[in-house]
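Pasting a structure below so you can have a look.
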There are 2 protein chains.
Amino acid sequence: MTAVRVMLVDDQHLVRAGFAMVLESADDLTVVAQAGDGQEALDLLATIEVDVVLMDVRMPVLDGIEATRRAVASRPGVRIVVLTTFDLDESVTAAIAAGASGFLLKDAAPEDLIEAVRTVARGDSVIDPVSTRRLLAHAAPLLAAPTTAPGSAAAPELDLLTPREREVLVLMGEGLTNAEIAERHVVSEATVKTHVGHVLAKTGSRDRVQAVALAFRAGLVR
Amino acid sequence: MTAVRVMLVDDQHLVRAGFAMVLESADDLTVVAQAGDGQEALDLLATIEVDVVLMDVRMPVLDGIEATRRAVASRPGVRIVVLTTFDLDESVTAAIAAGASGFLLKDAAPEDLIEAVRTVARGDSVIDPVSTRRLLAHAAPLLAAPTTAPGSAAAPELDLLTPREREVLVLMGEGLTNAEIAERHVVSEATVKTHVGHVLAKTGSRDRVQAVALAFRAGLVR
DNA sequence: ACGCTCCTCCCCCCACGGGTGGAGGCCGGA
DNA sequence: TCCGGCCTCCACCCGTGGGGGGAGGAGCGT
């Protein structure tokens, strides 16, 4: 079989050079093109045959996400792996939505990078573990969505709460202490503690943080 | 650090025995429980401390997907890796929607299985390449729908956080205690307390509840 | 070489949160 | 009428969380 043809897209020469060395060390991979920004990459894609594109997220002129979107639109066959330095942002989601087949952190091990290129070249997809977690956090509720109706259906435990307990939970979600909740409701703190205790028991929460998280997910607070 | 405690759930003894041998070959992993169906697994989970569950999809009484859903509901801390023999079906999607942190084919290489357990134990997620492709085929259109980019724009305070602090905040949002976060990150609880303190200071939060609320509103967790 | 940020870890202190185990009053249904 | 759920309140205990204040090492930019 012929070697997988790779294009590198990154605004930093040294980064491209480094990736090129890594990839060329695998004799079933070959770097056939390099670009310094998204627009340049699209121009090159129109003239050269490429199997896999390694695309940086942050770039001048045209960023990696938008470049990915346009690339898959104009060249459906090409497989794109989006690279990022930090996984802090939600670029995973954006990259996948744009049609990327892979998402990796730049500090990935050389062999992981090589393996990732091979994986997407044969039609599979790859996402590094940290980003996978981030992606799933976004995707899971969406995938579950079609079955669930809005409102309390998402968290049946919350239906067990009495009206008073629900009010207390809402205020917990606002970040109020028991004393503040007591003041707000004009009751003693002891009463609030009782309610809180019931909320925790009924929702299966260990502490108020878990209960508040549940309340957020159920849309009780926002 | 103590070994990662694993539970095996599969209706075939031989399969469990095989997985157990593989996992026990890694001295940072230990199999602490086994179950023959989903219900049995849930019962055991209520009594035993477990970090990671390896869950088969096809099982009598209660299948792996539903068992996963209930397990994450009752034990938010536990991480679940769903296993399947064939990837023909859409069980990836269902598993993720149910809250699984991992999805692997049973014919995965032993070292991949071990690495997968480690990965989810430290809070990341893992999906094998073939299934990732299948998942993205479902998820990409869903993710593409909301073109807006929430997160950093909504809560500028969060941009002040260092990567480590951000990770800690996310785990706070999961409802973990400082001790559990320390275990996840393999650092001392004192370190976690330091990070938490910084998070509170930078976000202007009085306690972790307020910080978590902020994280939810910013979309850092959900 | 210097300073800076970040990550790591330690001490002491104590307020808040949560569990336990009560108590009384109000209201609606059996 | 009595039972049961809900709301109100109390005292006690103690674990976790958070503040204060410090300290060392790694990494980076100047």
Side-chain angles (χ1 to χ4, degrees), chain A residues 12 14-15 18 85-88 105-107 130 157-215 221, chain B residues 1-2 46 49 76-77 122-123 157-215 221:
Chain A
Q12 298 180 51
L14 279 178
V15 174
T85 308
F86 311 104
D87 70 318
L88 308 177
L105 300 185
K106 280 191 184 173
D107 67 350
V130 175
E157 317 90 296
L158 295 182
D159 292 342
L160 299 173
L161 300 181
T162 68
R164 206 55 165 168
E165 287 160 0
R166 194 162 315 175
E167 293 174 30
V168 170
L169 177 53
V170 170
L171 293 184
M172 279 195 268
E174 308 284 344
L176 301 193
T177 64
N178 289 339
E180 288 169 339
I181 296 174
E183 196 179 342
R184 199 67 86 76
H185 278 179
V186 200
V187 295
S188 81
E189 188 177 343
T191 302
V192 175
K193 291 181 76 168
T194 303
H195 290 318
V196 171
H198 290 161
V199 169
L200 299 186
K202 290 181 179 177
T203 60
S205 304
R206 189 175 43 189
D207 50 43
R208 61 168 55 211
V209 180
Q210 290 190 350
V212 165
L214 201 74
V221 282
Chain B
M1 163 191 172
T2 63
E49 286 289 310
R122 70 168 181 266
E157 317 89 296
L158 295 182
D159 293 342
L160 299 173
L161 300 182
T162 67
R164 205 55 162 169
E165 287 160 2
R166 203 175 314 256
E167 292 174 29
V168 169
L169 176 54
V170 170
L171 294 184
M172 278 194 269
E174 309 284 345
L176 302 194
T177 65
N178 289 339
E180 287 168 339
I181 296 174
E183 197 179 340
R184 263 310 166 82
H185 278 326
V186 200
V187 296
S188 82
E189 190 178 341
T191 301
V192 175
K193 291 182 77 169
T194 303
H195 290 317
V196 171
H198 289 161
V199 169
L200 298 186
K202 290 182 180 177
T203 60
S205 304
R206 192 173 43 191
D207 52 44
R208 62 169 52 212
V209 180
Q210 291 191 350
V212 165
L214 201 73
V221 282

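Per chain, numbering begins at 1; letters A, B, ... match sequence-line order.
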Hey, mind stepping through Leu176(B) and Glu183(B) against side-chain contact (heavy atoms from CB on, under 4.5 Å) and telling me if it holds? CA-CA 10 Å; Leu176(B) 302 194; Glu183(B) 197 179 340; over 6 Å; no
For the pair made of CD in Glu189(A) and P in dC7(D), what is the distance, rounded to whole Å?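 Distance check: Glu189(A) CD to dC7(D) P gives 18 Å.
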Under 4.5 Å between any side-chain heavy atoms of Leu214(A) and Gln210(A), yes or no? no
Figure out the NE2/P separation between His198(A) and dT20(C), and round it to whole Å. 11 Å
Please confirm whether the shortest side-chain N or O distance from Thr162(B) to OP1 or OP2 of dT5(C) is below 4.0 Å. no
Just the rounded figure in Å: distance from C1' of dT8(C) to CD of Glu167(B).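 Rounded to whole Å, this separation is 14 Å.
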Using only heavy-atom distances, decide whether a donor-acceptor pair under 3.5 angstrom links the side-chain of Thr194(A) to the base of dC9(D). yes
Just to confirm, is there a sub-4.0 Å distance from OP1 or OP2 of dC9(C) to any side-chain nitrogen or oxygen of Thr191(B)? yes
With a 4.0 Å cutoff (strictly under), does any side-chain N or O of Arg164(B) reach OP1 or OP2 of dT8(C)? yes
Can you identify which nucleotide, out of dC16(C), dT8(D), dG18(C), has its nearest atom closest to the Val196(A) side chain? dG18(C)
Using whole Å, what does the distance between atom P of nucleotide dC7(D) and atom CG of Leu169(A) come to? 14 Å
How long is the line joining CD of Glu180(A) and P of dA15(C), in whole Å?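 Between P of dA15(C) and CD of Glu180(A): 17 Å.
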How many Å lie between NZ on Lys193(B) and C1' on dG15(D), as a whole number? 11 Å
Has Arg206(B) got a side-chain N or O lying under 4.0 Å from the OP1 or OP2 atom of dG17(D)?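 Result: no.
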Nearest 0.5 Å, please: how far is CZ in Arg184(A) from CD in Glu167(A)?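 One finds 11.5 Å between CD of Glu167(A) and CZ of Arg184(A).
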Atom pair distance, as rounded to whole Å: CG in Asp207(A) and P in dT16(D): 11 Å
Heavy-atom distance under 4.5 Å between the side chains of Met172(B) and Val196(B), does that happen here?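 Yes, at least one pair of side-chain atoms sits under 4.5 Å.
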Asn178(B) vs dT16(D): side-chain N/O to OP1/OP2 distance below 4.0 Å: no
Rounded to the nearest 0.5 Å, what's the gap from CZ on Arg206(B) to CD on Glu180(A)? Could you check?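 CD of Glu180(A) is found 4.0 Å from CZ of Arg206(B).
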When the distance from CE of Met172(B) to P of dT16(D) is rounded to whole Å, what number comes out?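 Computing the Met172(B):CE to dT16(D):P distance gives 17 Å.
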